[in-house]
Structures are given as C-alpha cells and as structure tokens.
Amino acid sequence: MSNLNAVWYAESYHPIQAGSIDGTDVLPHDNAVYRALLCSSSGLYDPFGDPKVIGDPYCTVFVGRLSRETEEKTLKEVMSKYGRVKNIRLVQDIVTGASRGYAFVEFETEREMRRAYEDAHHSIIDGNEVIVDYNRQQLMPGWIPRRLGGGLGGKKESGQLRFGGRERPFKAPLRPIPHDELKRLGIPPPPEGRYIPRFKVPSPPRCKKNNIDTQDSPLRHTSRDREEDTHSRHRSKNREEHELKSRHQSHDREDSWSKRKHEDSGEYNEDSVQMHKSKDKEEKVSRSRHRARDREDTHSRHRSKNREEQELQSSRQSQDREYSWSKRKHEDSGDYNEDSVKRHRSKESRSKHRDRDRDRDRDREDSRSRYGDRSKHGVDSGEDSWSRERSEERESRSYKQH
C-alpha cells in the first residue's frame with residue numbers, strides 16, 4: 001500500500017502537530033495554536049477537573065454538529081437504535097441555557113459504544129449531519145479543547161482546521177520529517193509507518209481491564225469460573241507440594257541433628273539412628289490412632305444419646321396419641337372416667353418399659369457372651385453404667401408423669 005494513498009491518526013494530542021496537515025510543523029501558524037500550546041505547556045487545562053463529567057469514558061461517545069433545537073429526548077431515541085443508553089449530557093450555555101451543538105452519550109457496555117461509533121457517524125438528526133467520535137477528553141493524552149485553541153476537525157470557513165482525528169486525519173508527509181528539530185523542541189514526531197487505508201474506520205482505544213465488554217455474556221462468566229477453578233487447583237497443588245517439601249526438610253533436620261548429637265557423644269551408629277527414627281514414627285502413628293479412636297468413641301456416644309432422646313420423644317408422642325384416642329373412645333361410649341384412663345395408660349407404659357428393658361438385657365447378655373464379659377473382674381464398662389443410669393432416669397420420669 002502506497003503512503004500517498006493512505007492516512008494516519010494521532011494517538012496523543014499536540015497543538016502544533018494537530019494544526020499541520022501532515023504533522024510536520026514545528027511552529028504555530030495561528031494565534032489559536034499558540035494559545036493551545038501555551039495552555040498545554042503550562043498545564044492550565046485539566047481534562048478530569050470537570051465535575052459534570054460522569055460515567056465510564058470507554059462506554060461514552062461524543063456527538064457533534066447537533067442542531068440547536070435538538071433535545072435530549074430526541075437524541076436518546078436516535079442513539080437507542082445502537083444500544084442501551086445509560087446517560088446523556090447535552091452541553092448547554094452557562095448564561096442562556098441554549099444547546100452548544102454537542103453532547104456526550106454513555107452506553108451500558110463498550111460493545112454498544114463501538115457499534116454507535118461505527119454506525120451513527122454522519123447520520124441525520126433534526127436535519128443536521130452529525131459526527132460521532134470517542135471521548136477524547138479523557139482517553140487522548142494531552143487533549144486541549146476547541147475553546148482553548150485545540151480540538152480536531154473544523155470547517156474551512158472558520159479558519160481553525162485541526163488534523164489527526166476521525167473527520168480530518170493526517171495526510172502522508174509532503175516533505176522529509178525534521179526529526180532533529182522536533183526532538184530539540186520537544187514535539188512528538190508523526191507516527192511514521194502506521195498508515196491505514198483512507199476509508200477504514202479507526203478503532204477507538206480499548207479498556208485495559210476487558211478488551212471486549214461482554215459483561216452480560218454467559219461465556220465470559222463460564223471462562224472466568226474456569227480460570228478461577230484452574231487457579232484454585234494450582235494453588236492447592238502448590239500448597240501441598242510446599243507442605244511435603246517442608247516435611248522432608250524437617251525430617252532431614254532431625255536426622256542431621258541426631259547424627260551430630262551421636263557424633264559429639266562419640267557413639268554414632270547408623271543402625272541406632274534408624275532405630276530411633278522408626279520408634280519415633282511408630283509413636284506418632286500410635287498417637288494418631290488413639291486420637292482417631294477417641295474421636296470415634298465421642299461420635300458414637302453422641303449418636304447413641306441423640307437416638308435415645310428421639311426414641312423417648314417418639315414414645316411420648318405415641319402415648320399422647322393413645323391417651324387422646326382412649327379418651328375420645330370413652331367419651332363416645334359415654335362411660336368416660338379420667339382416673340381409669342390414667343391407670344390404663346400407666347399400666348401400658350410400665351409394661352412397655354419392662355419389655356424394652358428385657359430386650360436390652362437380652363442384647364447385652366448376647367454381646368457379652370459373644371465378645372467376652374468385661375465385668376467379670378469387677379470392672380464395669382462405661383457404656384453399660386451410662387445406659388443403666390439412662391434407663392433408671394426414664395423409668396423415674398415415666399412414673400412421675402403417671
């Protein structure tokens with residue numbers, strides 16, 4: 001592709017370069033460029049100092065050359081064709097309140113902003129052909145607005161043409177670029193070798209956090225979840241490797257310490273060291289087994305206690321149901337007596353408790369005959385004494401209730 005049939009765009013703003021048709025000027029050619037250069041060199045303009053500027057600049061487009069009669073409602077209806085409009089700021093005159101002919105439109109996502117940037121350019125709104133560009137105020141380094149002698153584009157009648165933007169890109173240099181003079185004056189040289197076709201749409205800067213805004217896409221969430229799972233697996237694997245390495249290092253330190261100790265005492269023997277290590281390992285294993293056995297015993301006691309409480313509660317509920325049933329039965333027959341019903345109920349409960357105790361004693365005797373009686377030598381098991389106390393408490397409670 002020939003450079004004469006190509007154009008290039010500025011990525012950073014410099015007032016003298018923006019005032020040149022090919023970006024090779026080294027001196028300001030009008031007063032507006034001089035004012036913009038003075039403002040830029042002294043730092044009089046702060047692009048982030050406007051309190052009215054809100055929203056994400058990567059989701060915001062600039063709409064210029066609007067009609068003075070265009071309202072926010074009309075602009076929102078037109079821009080809603082390209083995506084979900086989140087906010088619109090139509091710039092107005094401070095004194096009169098009239099529109100100044102440009103606005104900033106913020107979309108929900110960066111994808112919708114790029115769609116409006118490509119399709120809404122040179123569209124017609126209220127009889128005017130508008131231009132659409134990205135938010136250069138916050139995204140273009142060194143930006144100077146039009147009111148201070150900077151900006152981009154412009155009409156020939158105004159005499160304030162600016163180049164390097166979407167409307168008027170830089171042309172191929174008409175003469176050799178004076179790199180030494182530009183370097184001496186501190187002016188950035190034109191980006192030579194970055195030419196694009198004349199009718200190709202320049203791409204606005206992308207957000208560094210997410211190159212393409214797909215916040216609402218389930219594929220993005222899936223990929224993010226997959227990445228998090230992968231990172232968590234890697235972290236757990238690295239943690240396990242680190243623990244294994246530290247364990248090996250501790251073992252090596254213990255071996256070296258025991259070896260040095262025996263050497264100092266003069267009775268170093270490899271077999272004795274290995275025997276000592278094996279004994280320590282066996283003690284650790286036995287301690288871990290005892291701890292596991294204690295945990296299992298505790299869990300079994302808790303489970304048996306919960307089971308007995310559930311059985312007691314279920315027996316109470318069944319007794320209440322039988323009592324209500326017998327009461328309703330005697331009331332239907334006409335010979336209801338509270339004392340007779342209570343005696344009948346206490347008699348049935350005592351018989352049930354006797355049957356349950358008989359079954360429990362039979363099971364205990366079977367288990368003793370099978371696994372051996374631990375109470376032969378006058379030693380009673382903790383579980384048998386605990387179950388006997390629980391049965392006595394239940395019998396006393398049942399008798400008190402009846």
Working to the nearest 0.5 Å, report the span between [atom1] of [X] and [atom2] of [Y].
X      : Y      : atom1 : atom2 : answer
Ile187 : Gln17  : CD1   : CD    : 8.5 Å
Asn87  : Glu72  : CG    : CD    : 8.0 Å
Asp56  : Glu110 : CG    : CD    : 7.5 Å
Thr70  : Asp126 : OG1   : CG    : 3.5 Å
Glu167 : Asp133 : CD    : CG    : 9.0 Å
Phe48  : Gln138 : CZ    : CD    : 5.5 Å

Under a 3.5 Å distance rule, please check whether [X] uses its side chain to pair with a backbone N or O of [Y] as donor and acceptor.
X      : Y      : answer
Arg68  : Arg100 : yes
Gln137 : Pro47  : yes
Ser314 : Gln310 : yes
Arg65  : His122 : no
Ser41  : Leu37  : yes
Arg146 : Leu152 : yes
Arg168 : Gly154 : yes
Asp25  : Leu27  : no
His29  : Gly19  : yes

Within the structure provided, determine whether [X] and [Y] are in side-chain contact (heavy-atom separation under 4.5 Å).
X      : Y      : answer
Arg89  : Val53  : yes
Ile131 : His121 : yes
Tyr45  : Trp143 : yes
Ser123 : Val130 : yes
Arg166 : Pro202 : yes
Ile16  : Val26  : no

Is it the case that [X] and [Y] place a side-chain donor and acceptor less than 3.5 Å from each other?
X      : Y      : value
Ser67  : Asn128 : no
Asn135 : Thr60  : no
Tyr134 : Arg136 : yes

In terms of side-chain geometry, is the basic nitrogen of Glu118 or Arg114 positioned less than 4.0 Å from the acidic oxygen of its partner? no
Apply the side-chain contact (heavy atoms from CB on, under 4.5 Å) test between Val85 and each candidate in Met79, Glu77, Glu108; give the one that qualifies. Met79
I need the single residue from Val78, Ile88, Val132 that forms a side-chain contact (heavy atoms from CB on, under 4.5 Å) with Val105. Which is it? Ile88
Assess the pair Phe62 and Phe104: is the distance between their ring centroids shorter than 6.0 Å? yes
